[in-house]
Amino acid sequence: GRFPLTLVLDNIRSAHNVGSLLRAAEAARVESVHLCGITPAPPHASVLKTALGAAEYVPHERSPSTLATVRGLQARGVAVWAAETCPGRSVDLREAALPQPLALVLGNELIGVDTQVLDACDGIVSIPMFGVKNSINVATAGAIVLWEALRQ
(Lines give C-alpha, C1' and ligand atoms only; values in the text may rest on other atoms or scores of the structure.)
Protein backbone atom coordinates (compact mmCIF):
# COMPACT_ATOMS: atom_id res chain seq x y z
CA GLY A 1 0.00 0.00 0.00
CA ARG A 2 0.87 3.66 -0.19
CA PHE A 3 1.70 5.88 2.74
CA PRO A 4 -0.90 8.56 3.64
CA LEU A 5 1.42 11.23 2.30
CA THR A 6 0.96 13.63 -0.62
CA LEU A 7 3.36 16.10 -2.23
CA VAL A 8 2.09 19.44 -3.52
CA LEU A 9 4.55 21.24 -5.79
CA ASP A 10 3.85 24.99 -5.82
CA ASN A 11 5.16 26.61 -9.00
CA ILE A 12 8.43 24.68 -9.16
CA ARG A 13 10.40 26.05 -12.12
CA SER A 14 12.91 23.29 -12.83
CA ALA A 15 11.85 20.16 -14.68
CA HIS A 16 14.91 18.46 -13.19
CA ASN A 17 13.72 19.23 -9.65
CA VAL A 18 10.28 17.85 -10.52
CA GLY A 19 11.79 14.66 -11.91
CA SER A 20 13.92 14.25 -8.80
CA LEU A 21 10.90 14.79 -6.56
CA LEU A 22 8.91 12.21 -8.53
CA ARG A 23 11.76 9.73 -7.96
CA ALA A 24 11.74 10.47 -4.23
CA ALA A 25 7.94 10.22 -4.15
CA GLU A 26 8.05 6.83 -5.83
CA ALA A 27 10.76 5.57 -3.46
CA ALA A 28 8.64 6.77 -0.52
CA ARG A 29 5.44 5.24 -1.98
CA VAL A 30 3.46 8.44 -1.49
CA GLU A 31 -0.24 8.55 -2.32
CA SER A 32 0.09 11.23 -4.97
CA VAL A 33 1.91 14.28 -6.27
CA HIS A 34 0.06 17.45 -7.28
CA LEU A 35 1.90 19.55 -9.88
CA CYS A 36 0.51 23.07 -9.47
CA GLY A 37 0.77 26.30 -11.42
CA ILE A 38 3.80 26.51 -13.69
CA THR A 39 5.31 23.24 -12.38
CA PRO A 40 6.42 21.12 -15.36
CA ALA A 41 4.70 17.75 -15.54
CA PRO A 42 5.01 14.53 -17.50
CA PRO A 43 5.29 14.10 -20.45
CA HIS A 44 7.83 16.96 -20.29
CA ALA A 45 11.06 15.35 -21.57
CA SER A 46 13.34 16.70 -18.82
CA VAL A 47 10.92 15.63 -16.08
CA LEU A 48 10.78 12.11 -17.49
CA LYS A 49 14.54 11.90 -18.05
CA THR A 50 15.32 12.89 -14.46
CA ALA A 51 12.52 10.74 -13.01
CA LEU A 52 14.08 7.65 -14.65
CA GLY A 53 10.73 5.87 -15.03
CA ALA A 54 9.37 6.78 -11.59
CA ALA A 55 6.59 8.95 -13.08
CA GLU A 56 4.90 5.76 -14.30
CA TYR A 57 4.52 4.51 -10.73
CA VAL A 58 3.51 7.67 -8.87
CA PRO A 59 -0.07 8.90 -9.14
CA HIS A 60 0.20 12.54 -10.17
CA GLU A 61 -2.09 15.26 -11.43
CA ARG A 62 -1.88 18.80 -12.74
CA SER A 63 -3.66 21.68 -11.06
CA PRO A 64 -3.68 25.32 -12.10
CA SER A 65 -3.97 26.50 -8.48
CA THR A 66 -1.94 25.43 -5.46
CA LEU A 67 -4.36 27.20 -3.14
CA ALA A 68 -7.36 25.31 -4.58
CA THR A 69 -5.42 22.06 -4.27
CA VAL A 70 -4.59 22.77 -0.61
CA ARG A 71 -8.20 23.60 0.20
CA GLY A 72 -9.41 20.49 -1.63
CA LEU A 73 -7.05 18.26 0.36
CA GLN A 74 -8.12 19.89 3.62
CA ALA A 75 -11.79 19.35 2.71
CA ARG A 76 -10.96 15.63 2.45
CA GLY A 77 -9.46 15.63 5.95
CA VAL A 78 -5.80 15.84 4.94
CA ALA A 79 -3.55 18.07 7.06
CA VAL A 80 -1.47 20.33 4.84
CA TRP A 81 1.94 21.57 5.97
CA ALA A 82 4.39 23.66 4.01
CA ALA A 83 8.15 23.21 4.07
CA GLU A 84 9.45 26.76 4.32
CA THR A 85 11.81 28.92 6.34
CA CYS A 86 9.48 31.24 8.28
CA PRO A 87 11.09 32.61 11.45
CA GLY A 88 8.48 32.72 14.20
CA ARG A 89 6.00 30.63 12.22
CA SER A 90 7.72 27.41 11.25
CA VAL A 91 8.44 24.44 13.50
CA ASP A 92 11.88 22.84 13.39
CA LEU A 93 11.57 19.55 11.48
CA ARG A 94 13.35 17.74 14.31
CA GLU A 95 10.65 18.85 16.76
CA ALA A 96 7.56 18.68 14.54
CA ALA A 97 4.86 16.09 15.20
CA LEU A 98 3.67 15.55 11.64
CA PRO A 99 0.03 14.43 11.41
CA GLN A 100 -1.45 11.72 9.18
CA PRO A 101 -2.74 11.89 6.56
CA LEU A 102 -0.39 14.63 5.49
CA ALA A 103 0.25 16.75 2.40
CA LEU A 104 3.58 18.56 2.12
CA VAL A 105 3.80 21.75 0.06
CA LEU A 106 7.16 22.53 -1.55
CA GLY A 107 7.68 25.95 -3.13
CA ASN A 108 9.28 27.78 -5.99
CA GLU A 109 13.08 27.76 -6.09
CA LEU A 110 13.36 31.56 -5.85
CA ILE A 111 10.39 32.75 -3.79
CA GLY A 112 9.36 29.64 -1.87
CA VAL A 113 5.77 28.75 -1.09
CA ASP A 114 3.26 31.43 -2.09
CA THR A 115 2.20 33.54 0.92
CA GLN A 116 -1.53 32.85 0.38
CA VAL A 117 -0.77 29.14 0.35
CA LEU A 118 1.33 29.46 3.52
CA ASP A 119 -1.55 31.22 5.25
CA ALA A 120 -3.92 28.40 4.25
CA CYS A 121 -1.63 25.63 5.53
CA ASP A 122 -2.25 23.86 8.82
CA GLY A 123 1.42 24.06 9.74
CA ILE A 124 4.85 25.04 8.49
CA VAL A 125 7.98 23.01 9.01
CA SER A 126 11.56 24.11 8.43
CA ILE A 127 14.78 22.19 7.97
CA PRO A 128 17.50 23.47 10.31
CA MET A 129 20.21 25.37 8.46
CA PHE A 130 23.69 25.83 9.89
CA GLY A 131 25.49 27.58 7.04
CA VAL A 132 25.40 31.13 5.72
CA LYS A 133 22.62 30.31 3.23
CA ASN A 134 19.18 29.67 4.67
CA SER A 135 17.91 27.32 1.98
CA ILE A 136 18.75 24.22 -0.02
CA ASN A 137 17.57 22.83 -3.35
CA VAL A 138 13.85 22.09 -3.32
CA ALA A 139 14.33 18.47 -4.43
CA THR A 140 16.82 17.90 -1.61
CA ALA A 141 14.54 19.60 0.91
CA GLY A 142 11.58 17.57 -0.31
CA ALA A 143 13.44 14.30 0.18
CA ILE A 144 14.51 15.28 3.70
CA VAL A 145 10.99 16.20 4.77
CA LEU A 146 9.47 13.13 3.08
CA TRP A 147 11.76 10.75 4.93
CA GLU A 148 11.15 12.48 8.26
CA ALA A 149 7.40 12.09 7.69
CA LEU A 150 7.94 8.39 6.91
CA ARG A 151 10.17 7.95 9.95
CA GLN A 152 7.47 9.34 12.21
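We count residues from 1, following the sequence as given. Since the model is a prediction, treat every value here as computed from it, not as a measurement. Basis for what follows: all heavy atoms, side chains included, without hydrogens, waters or symmetry-related copies.
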Please say yes or no: joined through hydrophobic side-chain contacts below 4.5 Å, possibly via intermediate residues, are [X] and [Y] part of one cluster?
X	Y	answer
L35	I38	no
V30	Y57	no
V105	L102	no
V70	V33	no
L48	L7	no

Please check if the side chain of [X] supplies one atom and the backbone of [Y] the other of a donor-acceptor pair under 3.5 Å.
X	Y	answer
R23	A54	no
S90	C86	yes
E31	L5	no
Q152	L98	yes
T39	L9	yes
D10	T66	no
E109	R13	yes
T140	I136	no
H44	P42	no
R29	F3	no

Can you give me the closest heavy-atom contact between [X] and [Y], atom names plus distance?
X	Y	answer
W81	I124	CE3-N, 4.0 Å
V113	A82	CG2-CB, 4.3 Å
V125	A96	CG2-CB, 4.0 Å
L73	A103	CD1-CB, 3.8 Å
V47	L22	CG1-CD1, 3.7 Å
P101	G77	CG-O, 3.8 Å

Does the side chain of T6 come within less than 4.5 Å of L104's, by heavy atoms? no
Hey, are the side chains of V145 and L93 touching, using non-hydrogen atoms and a 4.5 Å cut-off? yes
Is the number of heavy atoms from other residues, nucleotides or ligands under 6.0 Å of Q116 CD greater than 12? no
R71 atom CZ: more than 12 heavy-atom contacts under 6.0 Å: no
A139: side chain to side chain contact (heavy atoms under 4.5 Å, CB included) partners, not counting sequence neighbours: N17, S20, L21, N137
Going from [atom1] on [X] to [atom2] on [Y], what distance comes out if it is rounded to the nearest 0.5 angstrom?
X	Y	atom1	atom2	value
I127	D92	CD1	CG	10.0 Å
E95	S126	CD	OG	9.0 Å
S135	M129	OG	CE	6.5 Å

Looking at R151 and E148, is there a salt bridge between them, counting it only when a charged N and a carboxylate O are closer than 4.0 Å? yes
Which hydrophobic side chains are connected to I111, either touching it within the sub-4.5 Å cutoff or through other members that do? L110
Which pairs pass salt bridge (charged side-chain N to carboxylate O under 4.0 Å, His left out) with one or both residues in residues 113-123, sequence neighbours excluded? R89-D119
Residue that, paired with V8, satisfies side-chain contact (heavy atoms from CB on, under 4.5 Å) out of C36, S32, S63, C121: C36
